[in-house]
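The structure presented is a predicted model; accordingly, all values stated were derived computationally and were not measured. Numbers for residues simply follow the sequence, beginning at 1.
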Amino acid sequence: MFNAVQDLKKSKVKVEPGQDSLIYFAKGKIKKGKQIFTPYGTRKTLTNAQLLMDYGFIIEDQPAISGAQIVLDPLDPKKDKLFEDRKNLLTYYDLGDNEFQIEYNKLSNQFLATLRAIYANKEELDQTTAKENKGLYTPLSERNEKIVEKMVVSLLKKQLKKYATTIEEDEALLGINKSGECDGDQCKVDNQKTDKDTKA
């Protein structure tokens, strides 16, 4: 049975997403009875927040990555008259990915550039193709940027809804007061454990 690991060097298997499956290949010989580790997230390391939401656990020694992973819906050639123009533009700017790591107070340039291409009209797409400057990495128009801003807010709200509780509910459960200090029963238990560890 697989166990989770985020360090790809510790993984004994290579994962390739199939159409309706995940295909695992051994990277080398694996001894009988040896625990096999696999990364969760086939292309990108998942944050503890994402692991908690999707799988119900966290990896304690994982470096803290605040934020969330957002997956955009793929472009649909049947519904989008400008599909080929968008696809070509995204390819030109090397923006083929639809998964983005959103960090606290920081949106990646690739994420914003991809949204600009997705919500650009014909005129904006033509203007971007004609430009020889930063193109998608700068606002295309006031109209486009307002749509992108609304979509960012909408995507982040959708992400927050995946959590079963709010930050305030979590803090109350942990006994953390409004000033960020620990004053509940759970804090007393944690402090007693810390005292014992210090004495030992």
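The heavy-atom pair separating L95 from A113 by the smallest distance is CD1-CB, 3.7 Å. Closest of all the heavy-atom pairs between S108 and F100 is OG-CD2, 4.2 Å.
With E145 contributing its side chain and E142 its backbone, the two residues share no donor-acceptor pair below 3.5 Å. Checked by atom type and distance alone, the side chain of D80 never pairs as donor or acceptor with a backbone atom of D76 at under 3.5 Å. In this structure, Q127 contributes its side chain and L140 its backbone to a donor-acceptor pair below 3.5 Å. Using a distance-only test at 3.5 Å, with no hydrogens or angles considered, a donor-acceptor pair links the side chain of N144 to the main chain of Y119. R86 places no side-chain N or O within 3.5 Å of a backbone atom of L125 that could act as its donor or acceptor partner.
With a 6.0 Å radius and a threshold of 12 heavy atoms from other residues, nucleotides or ligands, E169 has its CD atom above the threshold.
A distance of 10.0 Å separates CG of L89 from OG1 of T114, quoted to the nearest 0.5 Å. Rounding to the nearest 0.5 Å places NZ of K146 at 8.0 Å from NZ of K150. Between atom CZ of residue R116 and atom OH of residue Y93 there is a gap of 11.0 Å, rounded to the nearest 0.5 Å. Between M151 atom CE and I70 atom CD1 the span is 9.5 Å, to the nearest 0.5 Å. Note: K161 NZ to L156 CG = 12.5 Å, rounded to the nearest 0.5 Å. We find the CG-CG distance between L107 and L112 to be 5.0 Å, quoted to the nearest 0.5 Å.
A continuous path of ILVMFWY side-chain contacts below 4.5 Å connects L115 to Y92, so both sit in one hydrophobic cluster.
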Trace of the side chain to side chain contact (heavy atoms under 4.5 Å, CB included) decision for L155 with F111: CA-CA 12 Å; L155 288 164; F111 176 58; 3.9 Å; yes
Evaluate the criterion side chain to side chain contact (heavy atoms under 4.5 Å, CB included) for residue pair N88 and E84; output intermediate values, then yes/no. CA-CA 6 Å; N88 292 338; E84 284 300 324; 4.2 Å; yes
